[in-house]
Protein chains: 2
Amino acid sequence: MTQTRTRPDRGRSALGPALELVHTGRAPTRAVLTAELGVTRATAGAVAAELQGLGLITVDSSPSTAGAQGRPSHRLAVDPTGPVVLAAQVHTDGFRAALVGLGGRVVATAPGCGPVEADPAQVLGEVVAAGRRLLEESGRRCVGAGLAVPSAVAEPEGTALNPLHLPWAPGAPVREVFRRCLADAGISAGADDGVAANDVNLGALAEHRHGAGRGARQLLCVATGHRGVGGALVVDGRLHSGSSGLALEVGHLTVDPEGRPCHCGSRGCLDVETDPLALLEAAGRRPGPEVSLLRQALSLLRTEYHADPAVRAAAHRLVDRLALGLAGLVNILDPDRIILGGLHRELLRYDGDRLREVLDARSLWGRGKTFAVLPCSLDHNSLVGAAELAWQPVLDDPLRVQEA
Amino acid sequence: MTQTRTRPDRGRSALGPALELVHTGRAPTRAVLTAELGVTRATAGAVAAELQGLGLITVDSSPSTAGAQGRPSHRLAVDPTGPVVLAAQVHTDGFRAALVGLGGRVVATAPGCGPVEADPAQVLGEVVAAGRRLLEESGRRCVGAGLAVPSAVAEPEGTALNPLHLPWAPGAPVREVFRRCLADAGISAGADDGVAANDVNLGALAEHRHGAGRGARQLLCVATGHRGVGGALVVDGRLHSGSSGLALEVGHLTVDPEGRPCHCGSRGCLDVETDPLALLEAAGRRPGPEVSLLRQALSLLRTEYHADPAVRAAAHRLVDRLALGLAGLVNILDPDRIILGGLHRELLRYDGDRLREVLDARSLWGRGKTFAVLPCSLDHNSLVGAAELAWQPVLDDPLRVQEA
DNA sequence: TTGCTTTGTGCCCCCGTGAAACAAAACAGG
DNA sequence: CCTGTTTTGTTTCACGGGGGCACAAAGCAA
């Protein structure tokens, strides 16, 4: 009997790593690509030519004003006219759609506001429709789609487990709904085209590839948007999602045993001690309903941190608790870099020294070790991260772009 | 100019995965190996023949009494006469040396007792000497060496950071000393031959490869020996060591805000709330100096758990706190299996239902999810784990065994 | 101009692996 | 006992990714 393999051929095996190097900006020239891949110049040349032929990168042989000795190397870059992926994000106040090319370049973006309804199909239908308009306007080819949601997403089911500040029911099958919307809009062909994940996780992935997390081997991200706190870990360039996608749900670390009660049944959780509402209440402000809690907290810091001692004390309180939570995570995960987002990013800006001091004192082995704690650096990093996830199949095997 | 690669040739690339499959018992026959590797029978045959030629595995074509239809497949097994690695373990009461073949088979072992001195060269010299005697007696070839120590080992320095119940100074360069002892004994050739790591981490690795952790995608291990608590995470078959080898130092998770003070400055840490001393004191026993605290705690459970309500209450107390700590880890790491070692293993045996109940209630998303919490299953799992680490280069590239 | 250095390219070969046809070793049923 | 079926091992051929090498190209330095 004849014998067929179960796994498909992967084509030129250096193709994926090469594209990833150009994608993340680590291979600006063909010579660097040769060194990074650890192959000969001949192979690197063939690989670069093939990626160029696929329309993914450009190989520019114009003089690069190198200034160095020897023959100047050809410059490599992401093809700005190449295919894009559709990135979508759902948040408390609405949604946002974008087209994102390789290299994390946001080609076009379209915000949408308005209340999110209980049925995920409503907002996902709207955001996919917005994405379709962007695609039609741009005339670009779409090779994937990714969705960021403010909830843990269970794998392999693709369900939103705790969409606490959306009216969705826990367990909503967001990935399936997203895929159906894509298929209805005529965007995707394959049934497994369209991925969904937690927004903080995706933001961490984006920061690692294109932002402040570049080069980190173990990147820990913690961020708070409107309510609750999210965490993410990127290990060796890949999201650490745990066995079912629920890793780094850090909101219920205890950071104050006598703190405020939390809906989880415990008290003093990171969730309720360091989110925007916590800042407003610690400063003695009554939150208004007009704008989001995050905006209220940010403007409070901006306008009154230096003027009002009560606001400063409130920030100190949050920073102390945040640092305690981070210290616990550091002792468990041992990251080499920490990135803070949302309100936590601003707390770092205003009160960074205090945060680093407490963190250093409470992390067991952080004494001799210098810790990099940085603010996140990308606009819409969740959106870019959703695009990263959508690009991943192409990064793994660039030949897929020609299959459709 | 001629061009040489920076990375060496890796030879037949399916060789490493194939050896790992036989090593972990997942490829009992050549037919299974073919399926697991996802290659053709021709390739699997060539690979098996090559591994046999290297003296690493045996290919037995004798009838296997299969009972199934079709031509019986050749049985694959680790070659019991093949090379070994030297595994060493240092603990509070002394040391242990062993020769370990592929498949985690302990070929020979030699315990050594006596107080450990302040200079790591003393006990490491003794354990290496014991290993050398075992090697001479057995006449086997040694292709690597691994060391397990009761302390976090920082990478890439290879220093013991917190050897709390050894008289070593924190920061002792155990890996360097180990390598020097190996070189002095004429065992190792290469300068980077000889690895060292934390004993609980190594135990977890061993359990994943050969014990109760087989097949787990995200394996969390927690264990307590004499004093303090250690943790480890194995992700996709590899130890998650963090950026500097300090991940999973879980001893200072807070599990009782009003608990006993800990030397770290906090109170109610997992370390001081769930170790053997905590059990003895919770049961109102005064620990004696004659045998190790672990033995005293184990015998207390064995002899009086069913007889003395105070002992039962003490066990309950420890189990509650252990479950709280595990729940925190579950929310951060999202493992699919948990293995407990040392005293915690016995607590699981005596009080497993209570532990699972508390763990389920406190782990946020554990409600619908059935959690596997198992006792560790290997004797000397730290020793076997040290051997695993030493075998790793050969598992990555089996051709190395012929280079020496 | 003549080196020197670094990079790109063409050519040849190695070798790992798939594809296919065939052989071998069991069982099942007459 | 013989034959068909099933599963596995073996042989042969061919493809293709990538190394090795020689040479050409493109800059700087003297």
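So that the names make sense, note that chain A is the first sequence line, chain B the second, and so on, each numbered from 1. Being a predicted model, the structure only gives us computed values, none of them experimental.
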Query raised in the report: Looking at A/Arg41, does any N or O in its side chain come under 4.0 Å of the phosphate oxygens OP1/OP2 on D/dA24?
Result: no
Query raised in the report: Does a side-chain N or O from A/Thr43 land closer than 4.0 Å to OP1 or OP2 of D/dG19, or not?
Result: yes
Report task. Look at the side-chain N and O atoms of A/Ser73 and state whether any lies under 4.0 Å from the OP1 or OP2 oxygen of C/dT6. Result -> no
Query - Integer-rounded Å distance: D/dA24 P and A/His74 NE2 - result: 17 Å
**Report entry** Lys/Arg N to Asp/Glu carboxylate O, B/Asp396 vs B/Arg238, below 4.0 Å
**Finding:** yes
Query - For atom CG of B/Leu33 and atom P of D/dG9, their distance in whole Å - result: 9 Å
Query raised in the report: What is the distance, rounded to the nearest whole Å, between atom CZ of B/Arg75 and atom C1' of D/dT8?
Result: 14 Å
Report summary line: The side-chain contact (heavy atoms from CB on, under 4.5 Å) partner of B/Leu239 among B/Leu219, B/Asn201, B/Leu233 is B/Asn201
Query - Listed once per pair and sorted, the side-chain hydrogen bond (donor to acceptor under 3.5 Å, both in side chains) pairs that draw on residues 47-58 of chain B, sequence neighbours left out - result: B/Arg12-B/Glu50
Report summary line: Ordered by number, residues from residues 21-29 of chain A within less than 4.0 Å of DNA chain C (heavy atoms) are none
Requested in this report: Measure from the side chain of B/Ala14, starting at C-beta and using heavy atoms only, and say which of C/dT17, D/dA26, D/dT10 lies closest.
Outcome: C/dT17
Report summary line: Separation of C/dA25 atom P from B/Asp60 atom CG, nearest Å, is 14 Å
Query raised in the report: Using a cut-off of 4.0 Å on non-hydrogen atoms, how would the nucleic acid contact of B/Ala42 be classed: base, sugar-phosphate, or nothing?
Result: base
**Report entry** Pairing of B/Glu155 and B/Arg175 as salt bridge, 4.0 angstrom limit
**Finding:** yes
Requested in this report: Output all residues satisfying salt bridge (Lys or Arg N to Asp or Glu O under 4.0 Å) with B/Arg209, sequence neighbours left out; order by chain, then residue number.
Outcome: B/Glu388
Query - d(CD, A/Glu36; P, C/dT7) in whole Å - result: 13 Å
Query - Given DNA chain D, 5'-ward residue of the pair A/Arg71 and A/Val47, judged by closest heavy atom - result: A/Val47
**Report entry** Approximate separation, where rounding is to 0.5 Å, of B/Leu102 CG and B/Arg105 CZ
**Finding:** 9.5 Å
Report task. Taking only the side-chain nitrogens and oxygens of B/Ser13, find out if one of them lies under 4.0 Å from OP1 or OP2 of C/dT17. Result -> yes
Report task. Tell me which of A/Gln69 and A/Arg30 sits closer to the 5' end of DNA chain C, going by the nucleotide each one is nearest to. Result -> A/Gln69
Report summary line: The residue, A/Thr40 or B/Gly70, whose nearest nucleotide of DNA chain D is more 5′ is B/Gly70
Requested in this report: Using modelled atom types only, decide if a donor and an acceptor are shared between the side chain of A/Asp334 and the backbone of B/Ser244 within a distance under 3.5 Å.
Outcome: yes
